[in-house]
Amino acid sequence: MTYDFKTIEPKWQKIWDEKKAFSAEDKSDKPKFYALVEFPYPSGAGMHVGHIKAYSGLEVVSRKRRMQGYNVLFPIGFDAFGLPTENYAIKTGIHPRKVTDKNIAHFTEQLKQVGFSFDWDRVIDTTDESYYKWTQWIFRKMFDAGLAFRDTALVNYCPSCKVVLSNEDSQGGKCDVCHSDVIQKSKDVWYLRITKYADRLIDGLENVEASASIKQQQVNWIGRSTGAFVNFSISGTDEKLKIYTTRPDTLYGVTFMVMAPEHPLIEKYADRIKNIDDVNAYKAECAKKTEFERTQLVKTKTGVKLEGLCAINPVTKKEVPIYIADYVMMGYGTGAIMAVPAHDQRDFEFAKTFGIDIVQVIKGGDIEKEAFTESGEMINSGFLSGLTTKEESIAKMTAYLEENGIGEAGVQYKMKDWAFNRQRYWGEPIPIIHCKYCGMVGVPYEELPLRLPDVENFEPGTDGESPLAKIPEFVNCKCPKCGRAARRETDTMPQWAGSSWYFLRFIDPHNENALADREKLDYFMPVDWYNGGMEHVTRHVIYSRFWHKFLYDIGVVPCDEPYKKRTAQGLILGPDGEKMSKSRGNVVDPLDVISEHGADVLRTYVLFMGDYTMSAPWSDSSVRGCRRFIERVWGLLFMQKGKGSTEKLESSFHKTVKKVTNDIEQMKFNTAIASMMSLVNEIYETGSLTTDELGTFCRILSPFAPHISEEIWERIGGRGLCSLAQWPEYDESKTVDSTVTVAVQVSGKMKGTIQLPKGCDKDAALAAAKRDEKIASIIEGHDIIKEIFVPDRIVNIVIK
RNA sequence: GCGGGCGUGGCGGAAUUGGCAGACGCGCCGGACUUAGGAUCCGGUGGCUUACCCGUGCAGGUUCAACUCCUGUCGCCCGCACCA
């Protein structure tokens, strides 16, 4: 009798839905467990197998914890603002609201077909005005706190999408949405001062449970470095050229200075620079380069000397030339460096190209060939000469700089402030009003949400202007402060806004008076376990930790860190071992798998295919293996029900319950499933099992394959839903065998095994080993040098 | 260049953290049942010159014992990258 998943799976999905089986309680005496998965962007293409794997991990943990008596909050929602929907709207003329609603409905239906135990009463949609009201509210709070500000700066700009991108959205010089080359453009844009939280974002990781790579990637992204700022006088002026260096100890080796081509001092002293035409030509050349060309394709150093401007080395008092070169970035440090060619490879290459002096100040290496970047004894360095540790030299020089007012210790970060706006329609309107008289004024809190107006035309303006700028009714308003005519901000927030606090809204999704009720936040926060993609570790995770720390500072949330534990699932690759992509044609549609094999098979397979945290290729034939497993489980229902089980099978049940219980918590889903497969094989060999045993099996299988578990549970007269039944306990004493197989080695080589009673002592074990015919014949005639015994494991007889 | 990780049968992957390498699944081989099998069930399956011996990318080392620890080396994947 084959398993009819096509009727059984929808049957239970309907029952779970009607009974609201997986709703979390707002208050409960049970311990709480908040499991969070990254809510999807509801794209028109629908669900991807990647979603299934990403959600199945904590789905299994949540289902198990529920059965163990936890009040589990396992929510889902939709991160629906974003460019793809808007681009689709531009192409088809269908309003993004309609597209989004349709996609969400489609996605919801698909998610339900997998049987995920989400709390469907708490679904949120970031594009719903009752949600983005609070996104805007948080922005306003940040504006009030001085954390949201406008600045004119060089920004990453995507000419194709016509939007300003954050650093995080333009990694590798490519637009994150359309992958075209990003250019640098000077523009007046919104920023969030995330750098103010840089130290806390690093230090807070100490209290987060996460793999080394998850933590390290964030630390590297923030990129904290310590060093010093040094002011170099510019000869003949009162001007100081301020630089940042991590190696103030090498100050005596400075033989030239380099400024970024965009450095403001160039314009200020244009009339003193004799070769200003060359300089401007070089600047123009740099401006044309894309970020990619400027950073990725460089082989040789280029630059121009500023004729007529010189800096003075504050310790040697010697004049050193100043260059501009595009290997120095305006966006890091002060946009200018002191160059020490003997001890920095980039400076070395530049000095070689331009024939500049190289002065060695640390002993070691061969500075004819390359810069010596290690530490050693200081030479040619005045009061530092003779010191041998970098730390000491840096400390002494920094102290000198501070005493003489030349410089000071300083910290720099690779992470920049977060460029926080899009010149697009489909995003949260930024709740700010520009008044000629009062400056920037926040939209009053009581007027939030500031609704997105209806428009006909979603095309962005050609000059990087938001479509909202074309709607006079939206733009023209009154200043909330002085009442005079004013203009509304027309930029919208970037996609990351809504996801920066969504986990808080799940706790109280319908609250109209606060982003969430404080008592409920106190109860559910922090998120106990957050699983998502590795690709979000340096963006969404950092962004949301930043927002959360801000909300903590203003007293809105009860904890500093939002996530207690963060894990990441590995990718599912295509059957060819390559990353799945439409262009490669190796994409697997999860709905195809459901219609061919059922949701339980799909769920089991994505967790069985390998280590959850590692990527693994899809294999259709391996899916069939899971299909066979599910069918064999169904077969248990028609197997003879023994009155009493065999002792061996009983022990196997206890062992399996133990293994599954432990493996789930460690995300070792593959081995948990393997052990259940083994148990099923053993039941088939035994030929019968008790109804109780079948009930136990249903319950441990339930987190993985909940539909078939419910059906069998019902047919054997289980009470209530299997999904909410009590998780089975195991008896530790029944998981250990009375006799064990002990390996026997001779001189470290495996020669055979012997059966021994558990806990057998060394003498008895050795005696038994020597009685073994084969062992006896090997050791015969040899001296025994040593005898090693590991209880219940191994006997090793070392002979000469 | 920096940071993180990975190399185990024909394939995906296990291995209680130094103690029987290859669990479980796929594939393959054989058998049963069949008009039939891409269904199901049962058995086998690392290699080999088969009582032996060799096997966890490669070369060494530590140890009674190494996939596991150490040194060196090669290859692959991911993230960041002229960050001063």
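Protein chains get the first letters and strands the later ones, always in sequence-line order, with residue 1 at the start of each.
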* **Modelled atom types, side-chain donor and acceptor of A:Thr739 and A:Asp737, under 3.5 Å** => no

* Stems involving RNA chain B: give each as a range paired with a range, ordered by first number, where a stem means at least three consecutive Watson-Crick or G-U wobble pairs under 3.5 Å. => B:1-7 with B:74-80, B:10-12 with B:24-26, B:27-32 with B:40-45, B:57-61 with B:69-73

* side chain to side chain contact (heavy atoms under 4.5 Å, CB included) partners for A:Val795, two or more places apart -> A:Val742, A:Ala765, A:Leu766, A:Ala769, A:Phe789, A:Ile797

* Structure fact -> Side-chain atoms of A:Met750 come closest, of B:A14, B:C20, B:G19, to B:C20

* Side chain of A:Asn231, backbone of A:Ile406: donor and acceptor closer than 3.5 Å? -> yes

* Residue among A:Val537, A:Thr538, A:Ile202 satisfying side-chain contact (heavy atoms from CB on, under 4.5 Å) with A:Trp221 -> A:Thr538

* **Candidates B:G12, B:C82, B:C24 - which lies nearest the side chain of A:Met677** => B:C24

* Would you list the pairs meeting side chain to side chain donor-acceptor pair (under 3.5 Å) in which at least one residue belongs to residues 247-257 of chain A, sequence neighbours left out? => A:Arg247-A:Asp249

* Asked: Toward the 5' end of RNA chain B, which comes first, A:Ser225 or A:Arg793, by nearest nucleotide?
  -> A:Arg793

* **P gap between B:G1 and B:A66, integer Å** => 34 Å

* Are any of the side-chain nitrogens in A:Glu682 or A:Lys648 under 4.0 Å away from the carboxylate oxygens of its partner? -> yes

* Send over the distance from A:Asp663 CG to B:A15 C1', rounded to a whole Å. => 12 Å

Name the pairs: protein N/O against N/O of nucleotides 41-44 of chain B, kept only if under 3.5 Å.
residue, atom, partner, partner atom, Å
B:C41, OP1, A:Arg632, NH1, 3.0

* Asked: For RNA chain B, which residues in residues 331-344 of chain A have a heavy atom at a distance below 4.0 Å?
  -> A:Tyr332, A:Ile337

* **NZ or CZ of A:Lys301 within 45° of A:Phe350 ring axis and under 6.0 Å** => no

* Ion pair A:Glu206/A:Lys215, N-O distance below 4.0 Å -> no

* To do: For RNA chain B, determine which residues of residues 751-770 of chain A have any heavy atom closer than 4.0 angstrom to one of its atoms, and list them numerically.
  => A:Lys751, A:Thr753

* Taking ring-ring contact (aromatic ring centres under 6.0 Å, His included) as the test, write out the residues that go with A:Phe669, two or more places apart. => A:Tyr612

* Residue from A:Val328, A:Ile243, A:Ile322 passing side-chain contact (heavy atoms from CB on, under 4.5 Å) with A:Met259 -> A:Ile322

* Closest-nucleotide ordering on RNA chain B, the 5'-leading residue of A:Asp347 and A:Ser213 -> A:Ser213

* To do: Only counting residues at least two apart or in another chain, list the ones meeting salt bridge (charged side-chain N to carboxylate O under 4.0 Å, His left out) with A:Asp344.
  => A:Arg346

Using the 3.5 Å cut-off, write out each protein N or O paired with an N or O of nucleotides 33-36 of chain B and the distance between them.
none

All N/O pairs under 3.5 Å across the protein-nucleotides 60-71 of chain B interface:
residue, atom, partner, partner atom, Å
B:C64, OP1, A:Lys786, NZ, 3.3
B:C64, O2', A:Asn796, ND2, 3.3
B:C64, O2, A:Asn796, ND2, 2.3

* **Touch class at under 4.0 angstrom, heavy-atom based, for A:Thr741 against every strand present** => base

* Go through B:C24, B:C20, B:G27 for me and flag the one nearest to the A:Ser678 side chain. => B:C24

* **For A:Thr741, all residues meeting side chain to side chain contact (heavy atoms under 4.5 Å, CB included), sequence neighbours excluded** => A:Thr753, A:Gln755

* **Candidate pair A:Glu38 and A:His536, rule side chain to side chain donor-acceptor pair (under 3.5 Å), full reasoning** => CA-CA 9 Å; A:Glu38 288 170 348; A:His536 287 132; 2.9 Å; yes

* Partners meeting side chain to side chain contact (heavy atoms under 4.5 Å, CB included) with A:Asp792 (sequence neighbours left out) -> A:Val740, A:Lys758

* Asked: Between A:Asp347 and A:Tyr327, does any side-chain donor sit less than 3.5 Å from a side-chain acceptor?
  -> yes

* Asked: With a 4.0 Å cut-off on heavy atoms, is A:Lys668 in touch with a base, just the backbone sugar-phosphate, or nothing at all?
  -> sugar-phosphate

* Asked: Under 4.0 Å: is that the gap between some side-chain N or O of A:Asn220 and OP1 or OP2 of B:C2?
  -> no

